[in-house]
Colleague: 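Sharing a structure here in structure tokens format.
Note on naming: letters A, B, ... go to the chains in the order of the sequence lines (proteins, then strands), and numbering restarts at 1 for each one.
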2 protein chains.
Amino acid sequence: MASRTIENYLKQIYLSRPADETQWLTMGKLSAAVGVTPGTATSMVRAISDAHLVEYEPRAGVRLTPAGEQLALHVLRRHRLIELLLVQVLGLDWSEVHEEAEELEHVVSDRLLARIDEILQHPAFDPHGDPIPTAGGVVRSQDCCTLLDCPLGSPTNIARILDQSADFLQYVNQCGLLPGADIRVASRNHQAQTVELLVIKRGENHVVAISFAVAEKFLVQMYDRKK
Amino acid sequence: MASRTIENYLKQIYLSRPADETQWLTMGKLSAAVGVTPGTATSMVRAISDAHLVEYEPRAGVRLTPAGEQLALHVLRRHRLIELLLVQVLGLDWSEVHEEAEELEHVVSDRLLARIDEILQHPAFDPHGDPIPTAGGVVRSQDCCTLLDCPLGSPTNIARILDQSADFLQYVNQCGLLPGADIRVASRNHQAQTVELLVIKRGENHVVAISFAVAEKFLVQMYDRKK
DNA sequence: TAATTAACTTTGCTTGCTCAAAATCAATTG
DNA sequence: CAATTGATTTTGAGCAAGCAAAGTTAATTA
Ligand SMILES: [Mn+2]
Ligand SMILES: [Mn+2]
Ligand SMILES: [Mn+2]
Ligand SMILES: [Mn+2]
């Protein structure tokens, strides 16, 4: 059995892997992601590589093997199912559940996880809109664009929030920018680096302005694509 | 913060403490309870004693300080509330939840525990009939007798099962000897060391025979006392 | 090409927890 | 009272994970 430390490393290697599949994840990025000094990451990765869960190339970086990826996806599945349970059944606020799941993901048994999955009726997405891998380790990916590159004016639907920090999520909640919300991008100002949004909240139209950096944290689905 | 190892030791010290309050818990008993060699228990207890959570007297044994007892009771509260949640909300079988709670008890946050307590409506007993300490660390004790010393013939109500092992609990379930069940002790045979019980199950009367050793694992409440 | 710099690895050390085996203590037995 | 025995403690060692600081490497700059 993989220790909780190894589970955390594998999950971070998966989440932080570069978009380009041919690239390796550097040790600097990994050590920052798991919150450990670079030396520690190097020696842990060596150990995990001895267990054939990652490939490690000194000075190049690290990459999951198929076995390692399966394990990472199982941890991710646990994490996200737990988050959804905490919100939907236990009634925690969605800004709190990430921290909580970070611990619980290492201790729920397969049996308990199966029950959670059943109770939630085999959900596909967690409270932040992140896809929940299947028990077989398959990720169903949505095709989305961010609030930075989606077309102006057309109605869209918020699919996913990429920042899990509690403060940010509370702000998001306040503005009504939750997953599922219907919004439109009114305008973008490249000088001010801001995006103006039209949010429909309880029938009323609200205008919300966010920076380019924040706009990139929202993934939206176009309505015409949905058909 | 106490590590999960220390939490486990404190809980076991509490659960295994001798009935006579003036007695100390011996290292032999403790090491067996936490599943560790005697030498390991000795050195851990030394460490825990440096943290003023227990008193330790070489060759005499170990005893919780008030601070240690509070901590032990908090762990126990988490354990038992989690067990009840797993049975009542997640629908796990009561024979499975002890193992599960053994891990979960170390990672649920105070906030989550408060939600669980609310959802279950501040329960006083877990699925095995064990009392759930209050958030303030108070144990409400029931006064009970075992199936070995309760009077013959009078109607009683099963209050608590003292053996948490999965196999045994499944057997208990089968016989209908769950907490809450109405039963009577028909007879005791001191030669055969057996107790015969009358169990009322779906209107019908069943007879179940168990040994003295097993009888001691059931705590029952007398009906006349209930008033 | 040589020097600088940033990223990475190595080394040495610490902490928490564990075991096996040897040593010690205290209670009982002869 | 001496010897035996069972429980307990001590000792020596190992493993997993971590940090700090020193040493390497490779890319960039001059
Ligand atoms: Mn985690
Ligand atoms: Mn999430
Ligand atoms: Mn435990
Ligand atoms: Mn219980």
Colleague: Would you kindly give the CG-to-P distance between B/Leu30 and D/dA7, to the nearest whole Å?
Modeller: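 So the two atoms are 15 Å apart, to the nearest Å.
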Colleague: Among the candidates C/dA7, D/dC19, C/dT18, find the nucleotide nearest to the side-chain atoms of A/Arg59.
Modeller: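 Among C/dA7, D/dC19, C/dT18, the one nearest the side chain of A/Arg59 is C/dA7.
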Colleague: For A/Ser165 and A/Asp167, what are the C-alpha separation, side-chain angles and deciding distance, and is it a side-chain hydrogen bond (donor to acceptor under 3.5 Å, both in side chains)?
Modeller: CA-CA 6 Å; A/Ser165 74; A/Asp167 286 355; over 6 Å; no
Colleague: Just N and O in the side chain of B/Thr37: are any of them under 4.0 Å from OP1 or OP2 of C/dA20?
Modeller: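 Answer is no, no contact under 4.0 Å.
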Colleague: Please state how far atom CD1 in A/Ile48 lies from atom C1' in D/dA16, giving the value in whole angstrom units.
Modeller: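 Distance check: A/Ile48 CD1 to D/dA16 C1' gives 12 Å.
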Colleague: Please determine whether a side-chain nitrogen or oxygen atom of B/Thr26 lies at a distance below 4.0 Å from atom OP1 or OP2 of D/dT8.
Modeller: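 The answer is yes; a side-chain N or O of B/Thr26 sits under 4.0 Å from OP1 or OP2.
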Colleague: Without decimals, in angstroms, what is the distance between B/His106 NE2 and C/dG16 C1'?
Modeller: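 The distance from NE2 of B/His106 to C1' of C/dG16 comes to 16 Å, rounded to the nearest Å.
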Colleague: To the nearest angstrom, how far is A/Leu10 atom CG from D/dA17 atom P?
Modeller: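 One finds 12 Å between P of D/dA17 and CG of A/Leu10, rounded.
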Colleague: Remember a base hit wins even if backbone is also touched, and classify B/Ser43 as base, sugar-phosphate or nothing at under 4.0 Å, heavy atoms.
Modeller: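 The answer is base, as B/Ser43 lies within the cut-off (heavy atoms under 4.0 Å) of a base atom.
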Colleague: Would you indicate what A/Gly28 reaches in the nucleic acid, counting non-hydrogen atoms under 4.0 angstrom: base, sugar-phosphate, or nothing?
Modeller: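 If one applies the 4.0 Å heavy-atom cut-off, A/Gly28 turns out to touch the sugar-phosphate alone, with no base involved.
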Colleague: Rounded to the nearest angstrom, tell me the gap between atom CD in B/Glu57 and atom P in C/dA26.
Modeller: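 The distance from CD of B/Glu57 to P of C/dA26 comes to 12 Å, rounded to the nearest Å.
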Colleague: Counting heavy atoms from C-beta on, name the nucleotide in C/dC8, D/dA17, D/dT9 closest to the side chain of A/Met44.
Modeller: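 Taking heavy atoms from C-beta onward, the closest nucleotide is D/dA17.
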Colleague: When you measure from the side chain of A/Arg46, which nucleotide among C/dC17, D/dA7, C/dT9 comes out closest?
Modeller: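 Closest of the options to the side chain of A/Arg46: C/dT9.
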Colleague: Do A/Asn8 and A/His106 meet the criterion of a side-chain donor-acceptor pair at a distance under 3.5 Å?
Modeller: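 Checked: A/Asn8/A/His106 side chains pair up, N/O donor to acceptor below 3.5 Å.
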Colleague: Choose from D/dG18, D/dT9, C/dT9 the nucleotide whose nearest atom is closest to any side-chain atom of A/Pro38.
Modeller: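 Per side-chain heavy atoms of A/Pro38, the pick is C/dT9.
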Colleague: Just to confirm, is there a sub-4.0 Å distance from OP1 or OP2 of D/dT9 to any side-chain nitrogen or oxygen of B/Tyr56?
Modeller: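 The answer is yes; a side-chain N or O of B/Tyr56 sits under 4.0 Å from OP1 or OP2.
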Colleague: Would you mind telling me which of C/dT18, D/dT8, D/dG18 lies closest to the side-chain atoms of A/Tyr9?
Modeller: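 When the side chain of A/Tyr9 is considered, D/dG18 is the closest of C/dT18, D/dT8, D/dG18.
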Colleague: Return the value, rounded to whole Å, for the distance between atom CD1 of A/Ile6 and atom C1' of D/dG18.
Modeller: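 Checked: the CD1 to C1' distance equals 14 Å.
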Colleague: Before giving the answer on side-chain hydrogen bond (donor to acceptor under 3.5 Å, both in side chains), spell out for A/Thr146 and A/Asp149 the whole-Å C-alpha distance, their side-chain angles and the decisive distance to 0.1 Å.
Modeller: CA-CA 6 Å; A/Thr146 75; A/Asp149 32 49; 3.1 Å; yes
Colleague: Without decimals, in angstroms, what is the distance between B/Lys29 NZ and D/dG6 P?
Modeller: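 Rounding to the nearest Å, NZ of B/Lys29 and P of D/dG6 are 16 Å apart.
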Colleague: Without decimals, in angstroms, what is the distance between B/Arg4 CZ and D/dA17 C1'?
Modeller: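 Value for this atom pair: 15 Å.
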Colleague: If you define the side chain from C-beta out and look only at heavy atoms, does anything of B/His128 sit under 4.5 Å from B/Leu169?
Modeller: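 They are in contact (side-chain heavy atoms under 4.5 Å apart), so the answer is yes.
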Colleague: Compare the minimum distances between each of D/dT8, C/dT9, D/dG18 and the side chain of B/Met27, then state the nucleotide with the smallest one.
Modeller: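 The nucleotide sitting nearest to the side chain is D/dT8.
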Colleague: Would B/Leu86 and B/Glu83 count as a side-chain contact (heavy atoms from CB on, under 4.5 Å) here? Give the steps.
Modeller: CA-CA 5 Å; B/Leu86 294 178; B/Glu83 282 188 344; 5.7 Å; no
Colleague: For the side chain of A/Thr5, counting heavy atoms from C-beta on, which of D/dC19, D/dG18, D/dT9 is nearest?
Modeller: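 So the nucleotide nearest the side chain must be D/dG18.
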Colleague: Among C/dT9, D/dG18, C/dT18, which nucleotide sits nearest the side chain of B/Thr40?
Modeller: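 Given the options C/dT9, D/dG18, C/dT18, the side chain of B/Thr40 is closest to C/dT18.
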